[in-house]
2 protein chains.
Amino acid sequence: MTTQDDRATVGAMHTVTMSDVAERAGVSSATVSRVLNGNYPVAQATRDVVNRAIEDLGYTANAHARALASSATHSVGIIVNDLVDPFFSYIVRGVEQEASATGRLCIVAASQGDVDREIGLIDRMISQRTDAVIVVGGGYEDPRARRRMAERARTLAGIGSTLVLCGRPSVGEQAPTKIVGYDNEGGAFAVTQHLIAQGHRRILYLGGPIGLSTSVARLAGFRRAMQSHGYDVPPELVHQGAFGRRFGHATMGEILDGNPEITAVFAANDLVAAGALDAMTARGVRVPEDISLVGYDDIPQSSELTPKLTTVHVPLEDMGRESVRLALSRTDDAFGRHADGEIIVGTRLVERESVAPPRATPWTPGR
Amino acid sequence: MTTQDDRATVGAMHTVTMSDVAERAGVSSATVSRVLNGNYPVAQATRDVVNRAIEDLGYTANAHARALASSATHSVGIIVNDLVDPFFSYIVRGVEQEASATGRLCIVAASQGDVDREIGLIDRMISQRTDAVIVVGGGYEDPRARRRMAERARTLAGIGSTLVLCGRPSVGEQAPTKIVGYDNEGGAFAVTQHLIAQGHRRILYLGGPIGLSTSVARLAGFRRAMQSHGYDVPPELVHQGAFGRRFGHATMGEILDGNPEITAVFAANDLVAAGALDAMTARGVRVPEDISLVGYDDIPQSSELTPKLTTVHVPLEDMGRESVRLALSRTDDAFGRHADGEIIVGTRLVERESVAPPRATPWTPGR
DNA sequence: TTGAAAGCGCTAACAC
DNA sequence: GTGTTAGCGCTTTCAA
């Protein structure tokens, strides 16, 4: 009832629906639906009338009704630790770009590194029936979490969606996930080799949460490189803890004050490296003259440090884009049993200015 | 039909719905709904049976059906220029936090600074019936864009949602928007005063897209401060263009090479300041000894530059949080006519290390 | 405390 | 080309 007003500028009290448009255009709502979706032939004349009505009424389709009727949501979900950490925000940017390019909206949520929260968020995305849910970043070796994750992967597969692990290890062969990853161990091995080739022997490994898959792999690559040359990795030269700048700064400071006699630092990521660099600079330690420094990830800021950081390039934004592409490419077998689809993106050493051969005598606090 | 399997581990071919749960639990779907929402009394026994069934079947409610039936989406939308720019990502973080804290999911999209795209995105959010749509960052003085924006504000108000302009000027008194802003002009005036108080006269204004409201206001504050002291602002000392680091670096470089005889630089934001700092450092210009430098926004990175940047602090994350709070607090009058709700967050000068009195003779390229 | 039934706004056969 | 008519999966009166 009620449609004899033309007060186009006043907010309607009753949300305008498709049948309002239909009525005004003098057609059925099916026709309105057809001109909206443009997937069925509609006479140009009718099309015009309908569009006119849509315009007049200021109609905007209800995405939920649409999703319900067509079971197509045109959305993807992404879960990250922290939205301001460049590692994550570049990946989110890639995801948003690709989602947007394929007409999808992007639901993003931050887990703050909390496993339970993460699972809860996945469940909310399942509720949303997103075309994909992308979980980003390393995880902990926790059987219970893996199992719960695997369950979600199955649920998602069951509703025709996909769980993609972006920069996170598999949660089991059985789980129907897709993976977009890169070789952390290999990259770490490569930078370490680089340091060793320059003549470094006493290298400090700094940063990365203990037990986080990403940390674990990077540390493993570091160790393997050292050991393959017969060099020791004394416990006092391995300091883990976190992936942030603050950690790098604080820990590097303490270590420096303890006269470690190191000639190089392998920071677990660029943020840690930036923090460490600060600590060194503040103490008059010159990089790379006194101590060499390498990072990991190659976030754009790294080439803006002084000196520019030598690091391992990880194509963050691409990973985001690939994650949604992979998820949307439906190639799994009929029973959805077989976990298919895995992309390993390339990584490479980026040599800039923070590495040089070691000094004849290691830097020490006093002098 | 069909429910005599217990293969809990295999993805169901038919999405499990509420009536599946109801059937399994031997109750009506209304009851299932009631235990799910916990807003009606349900016998503990029934509750248990239902929960058991939910567990067994791995049921996850369909958010779209829910939204359609209850017209409550529990979501907010946010539109920013760029997800990796700290200015935006901190605001997004604030929005996500508050949304999450109130049980809402966050739909984020990037406009890439394109006005039409931005409008299109707002329309998509309207389709989603989000509880609020938050548009972040300066806008251009474009009557057509303003009008379209105002229309969207009305549409949103009409469906019980809210358009909030975060860090963007009003689109007209008539439009039912809410605003979370800060005083750009005043902040710019204040930093400029600070520079002047140190003795600077020839100050370069650097960066900010021409015509963007934020830029316009900052430049206006700069001008007003200079003029209030009777100082000139010669055109060759105003270089606008963009808000990025690259712009700051490139432009500062060129200017320096042209022997501008300046003693200080007012960068339109911290990113521009960081770029300018690089350019100066690369040319052996010492900050603040040779040239002083100030920025705007106080993104966390600014206190990690060398020297630490003197800048204007803007509570980015708070603004994000306040945006959703304000939107969710329904306080408008019955007819939704009156645009209500505006928060102006406080801003303050943060003195760090990048400002000093000018040298007796300005720095010049030769020396 | 629980069930029946009427929608929510749209899509997708199926007819004409 | 266009209209009719079932649903999509849930919430919410209204009765019982």
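All figures in this text were calculated on a predicted structure; none of them were measured in a lab.
Annotation: salt bridge (charged side-chain N to carboxylate O under 4.0 Å, His left out) contacts of A:Arg152 (sequence neighbours excluded): A:Asp123. Every side-chain contact (heavy atoms from CB on, under 4.5 Å) that A:Glu98 has, sequence neighbours left out, goes to A:Thr102, A:Arg321, A:Val324, A:Arg325. In terms of the side-chain contact (heavy atoms from CB on, under 4.5 Å) criterion, residue partners of A:Val35 (sequence neighbours excluded) are, by chain and number, A:Thr31, A:Val42, A:Arg47, A:Val50, A:Asn51. Scanning for side-chain contact (heavy atoms from CB on, under 4.5 Å) contacts around B:Arg52 gives B:Asp56, with sequence neighbours left out. For B:Ser70, the side chain to side chain donor-acceptor pair (under 3.5 Å) criterion is met by no residue, not counting sequence neighbours. Every residue meeting the side chain to side chain donor-acceptor pair (under 3.5 Å) condition with B:Glu118, not counting sequence neighbours, appears here in chain and number order: B:Arg168. Partners of A:Asn39 under the side-chain contact (heavy atoms from CB on, under 4.5 Å) rule, at least two apart in sequence or in another chain, are A:Asn37. Evaluation of the side chain to side chain donor-acceptor pair (under 3.5 Å) rule for A:Arg93 yields A:Glu317, B:Asp82 as partners, not counting sequence neighbours. The side chain to side chain donor-acceptor pair (under 3.5 Å) test applied to A:Asp48 returns A:Gln44, not counting sequence neighbours.
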### Task
Could you go through the salt bridge (charged side-chain N to carboxylate O under 4.0 Å, His left out) check for A:Arg148 and A:Asp142 one step at a time?
CA-CA 10 Å; A:Arg148 296 208 290 166; A:Asp142 172 354; over 6 Å; no
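Remark: C1' of D:dG1 and CG of A:Asp48 are 15 Å apart, rounded to the nearest angstrom.
End-to-end axis angle of the helix from C:dT1-D:dA16 to C:dC16-D:dG1, using five pairs per end and rounding to 10°, comes to 30°.
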### Task
Let me have a per-nucleotide readout for nucleotides 8-16 of chain D, 5' to 3', with B, S or -, counting only protein heavy atoms under 4.0 Å.
BBBBBB---
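Nucleotides of DNA chain C lying under 4.0 Å from heavy atoms of chain A occupy a range whose first and last members, 5' to 3', are C:dG9 to C:dA13.
At the heavy-atom level, A:Ser71 lies nowhere under 4.0 Å from the strands shown.
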